[in-house]
Amino acid sequence: MSAYYPQDIEKKWQTYWQEHQTFRTPDDQSLPKYYILDMFPYPSGSGLHVGHPEGYTATDILARYKRMNGFAVLHPIGWDAFGLPAEQYAVKTGTHPRETTQKNINRFREQLQMLGFSYDWSREVNTTDPDYYKWTQWIFLKLYEKGLAYEAEAPVNWCPELGTVLANEEVIDGKSEVGGFPVIRKPMRQWMLRITEYAEKLLEGLDDLDWPESTKEMQRHWIGKSIGAEIDFTIRDHEQGEKIRVFTTRPDTLYGATYIVLAPEHHLVTVITKNDYKERVENYIEQASKRSDLERQELSKTKTGEFTGAYAVHPITGEQIPIWIADYVLAHYGTGAIMAVPGQDERDWDFAQAFDLPIIRTVQPPDDFEGGAYTGDGPAINSGFLNGLMIEQSKSKMIQHLEKIGSGTKSINYKLRDWLFSRQRYWGEPFPIIHVDGKPRPLPVTELPVTLPDVEKFQPTKTGEPPLAQAMEWVHTTDPITGEKALRETNTMPQWAGSCWYYLRYISPDFDGGPVDPEKESYWMPVDLYVGGSEHSVLHLLYARFWHRVLYDCGIVSTKEPFQRLVHQGMILGEVEYTGFRQNGEWISSDQLGKSTESGNEASQEASQGTGSSIERVRLEESEIEKRGDAFVLKGTDIRIEAKAHKMSKSRGNVINPDDVVHEFGADSLRLYEMFMGPLEQVKPWNTKGVEGVYRFLNRVWRRYLGDDPDGKDQIQISNREATRAELKHLHQTVKKVSDDIEGMRFNTAISALMIFLNEANTWKDLPSSVAEPFLILLSPFAPHVAEEIWERLGHTGSISQQAWPVADESLLKEETILYPVQVNGKVRDQLSVDADKASEKVYVLEQAKQLPNIQKYLEGAELIKEIFVPRKIINLVIKPGKGL
RNA sequence: GCGAGAGUGGCGGAAUUGGUAGACGCGCUAGAUUUAGGAUCUAGUAUCUUAACCGAUGUGGGGGUUCGAGUCCCCCCUCUCGUACCA
């Protein structure tokens, strides 16, 4: 068999790599290290999708490249294997999640190996393995010890459908991130982690990280630091002397505070409300508590609220201002109370308008300002001692004054809230906690791991009792230290727990003296490159940073931050689809549709706005359409259609299965194609024709090396002759380009360079081995199987992956002649070829340029005003045209 | 609304510091080979004009800086992602 049959060679090399432990991490700390990490997958039942190989191929290329450049490379993989789907499957079928998980892991491992990734499989971790989660529990005990883990009875996000509580980060628009089920607020006993204590450290730590700016920005927003002041307002006729404390970022506007608003849940509401208003206020609180976050958001445009009948005293003017309650003030942010300054705040303005409350401007808006609240800068007005000052100055002067009279102080607030860390689920890490007389006690480290007991049923009870509560024998235990009767914690940890520190376990997966061997940790950390989806920008990446920073403070790790460089791979969309629209049998232009047709991508028929008649979506073939202007239209008409690539989804039926691609074209083609599609970070549509393109390229490589014998014999096309200078130049240009592009993770242009080389090499009568072999090495990180196979057939033993990466010879890269584009008035009119050693001689080159026939044409009868000469780049002659032109 | 990013051929994309816009791949056209198809090879392929060369136009739109702008500056439009009463 001489033709390229990926099916015949890929399995062979995968087995070879495994048997020879080709990619085992070297244990030699004298080598420079490179830790390259993939976000480990959740092994779902549906197997790998084409998104996985994208990031994984990128890191694999880099890992192989770094190894060939003499680095000790740590490139591991594992399984984020706790999670809801396996548990839900257990509820339905009674299959233990352990079994489902193991099955899925095996499938995933097989699929990853099928793609030829160079992981060190001896370091595989699995978050559901008791030997692993023993250390997850150990870290939890550290957090507990440091006072960073606590129990609280708190209103939580309870999702009845999922039967569990969710972290704030897992609730999106009032619905669960997983499944999109409604979430309500409900008070329950929960474990919390005091991530807020690390708000400042987590914020500062971002500055020195080589991460996408957008991701850092998202984390900064999530932490949400605001600098301002807390101001106390006394309450009129209130004997207990309690004060209302508000948080504001605009203390400069205090003179414009015309009323106070408390969150409905604020503890003073019931205390201060006057009898005449009690009924209405209680009613409002009741209403507000029933509303989900979703409803609150939907109703956010119209402000609601109630007057309490009470008044506060303005700390500076001494005036009395009314105290209201309204749900636009959030109980959990700041102090749960605000001073309303409608003149400078849009929300307060809307509220004041709705309830006819007074408005005082304290910042002079510009003359042409129209509208309500003015939030821009300007001189202070109506503000006593602040008048005339700009905002920044006013702020600090006001804070000074408040501090002097004892009515306020400078204050910093964060949006970040403590992390709700328990779930009412079975398939998660048990807490290493027991309760004696209702009080939590940590178990000693010697009791770890606390393993999951088997249970009969996996669903939580209606009241929210976790499934573990049914394991009576397990729940009832004794305190190993005192011997007292105790109850085990029946909540489990959220899925994020295991992924908070897995990158440490890879470093020393069998170490039993702690989560990580300190001696190895200080060598390998930090992770040099971390690649994964941007959907983890806030959740996983913030939680992991938090744990890591705590471990740093405990002296367990040596770096403040875990992931030095982060790259997100862009999503791969389905193939582009062309859709035409028909209404009552007539084609209509897509730009005449209401915006509403865009939503609900599953529906094939949707009601158009107003008319009630239905619009039919029709899938069109490429042959039925054409481009007109900047849009696609139905061929021969002006009827616009929609051309769009959509997210892959089962319901849309546009999912590409990597198994199928590998079956048809081989793993090397899948790898190559996913890297060739475009920049790694970018969102890109799939195109099966593109896979065929790179497959053809690999076929050409094969034929260039091994020939095309119809009888199936290798006809080696490699010669022993000496390579010409021109051939070496092509090779070394390619070496340089491919090396630079891999370092910069520009894999698409690296592959393009490989193709350019091959196109060139195909014009030669044969391939000298001094050129052929380095090129094969350049190809090997991208398409490892075919590179190994050809390498072997050329007579080599051992793996090509252990060859040294070629180094570009600068002396061969030098051009012998320089080709100058010659412009006249900025337009290229001719070209001039100059010997490299004369190329920088301005006078000589310009003289030559002016002699060019095409240039003469323009110079004739014209006045030469200026000569631009950029050595080795360009010549531009600026003229005032003569008559002839 | 706010924040971030992006608009380049029929399509994915290239152009690393302001210096020949469209590399590479797909698709398409013609030819060679083949009984035919597929595969392979050769040539062409931004648009307009032209037999061809030449020429003109051209990187979402409008202005500007410069000898020279896809790249820098200002204004506007569109799209994608994120976020949303955080005081």
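Chain letters run A, B, ... following the sequence lines, proteins first and then strands; every chain starts at 1.
Of the candidate nucleotides B:G12, B:G19, B:G55, B:G55 has the atom lying nearest to any side-chain atom of A:Y858. Minimum atom distance to the side chain of A:Q682 is reached by B:G13, of the listed B:U20, B:G13, B:G25. Closest to the side chain of A:I874, from the set B:G27, B:U16, B:G19, is B:G19. Comparing B:A87, B:A23, B:C11 against the side chain of A:F632 picks out B:C11 as the nearest. Considering only the side chain of A:E217, B:G3 comes nearest among B:C11, B:A87, B:G3.
Dashed line: the shortest gap from a side-chain N or O of A:N748 to OP1 or OP2 of B:C24 is not under 4.0 Å. Distances shorter than 4.0 Å separate some side-chain N or O of A:R703 from OP1 or OP2 on B:C41. Side-chain nitrogen and oxygen atoms of A:R696 include at least one within less than 4.0 Å of the OP1 or OP2 phosphate oxygen of B:C26. The side chain of A:S226 places an N or O atom within less than 4.0 Å of a non-bridging phosphate oxygen (OP1 or OP2) of B:A87. Phosphate contact (OP1/OP2 of B:G25, side-chain N/O of A:N759, threshold under 4.0 Å): present. Distances shown here put a side-chain N or O of A:K827 below 4.0 Å from the OP1 or OP2 atom of B:U57. Close to B:A39, at under 4.0 Å from its OP1 or OP2, lies no side-chain N or O of A:R700. Using a 4.0 Å cut-off, no side-chain N or O of A:Y578 falls inside it from OP1 or OP2 of B:C11. Between B:C11 and A:K627, a contact under 4.0 Å exists linking OP1 or OP2 to a side-chain N or O. The side chain of A:R829 contributes an N or O atom lying less than 4.0 Å from OP1 or OP2 of B:G55.
Rounded to an integer number of Å, the gap from A:K647 NZ to B:U80 P is 13 Å. Per the geometry, OH belonging to A:Y333 stands 14 Å off C1' belonging to B:A84, to the nearest Å.
Ion pairing between A:K635 and A:E626 fails under the 4.0 Å rule for side-chain N and carboxylate O.
Checking B:C53 for Watson-Crick or G-U wobble geometry (two distances, each under 3.5 Å) identifies no partner in any strand.
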Could you go over nucleotides 62-69 of chain B and give all protein N or O partners under 3.5 Å, atom names and distances?
unit_1: B:C67; atom_1: OP1; unit_2: A:K866; atom_2: NZ; d: 3.2
unit_1: B:C67; atom_1: O2'; unit_2: A:N876; atom_2: ND2; d: 3.2
unit_1: B:C67; atom_1: O2; unit_2: A:N876; atom_2: ND2; d: 2.7

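Across all strands shown, A:S214 has heavy atoms under 4.0 Å from sugar-phosphate atoms exclusively, and none from any base.
Aromatic ring orientation, A:F351 versus A:Y328: tilted (interplanar angle from 30° to 60°).
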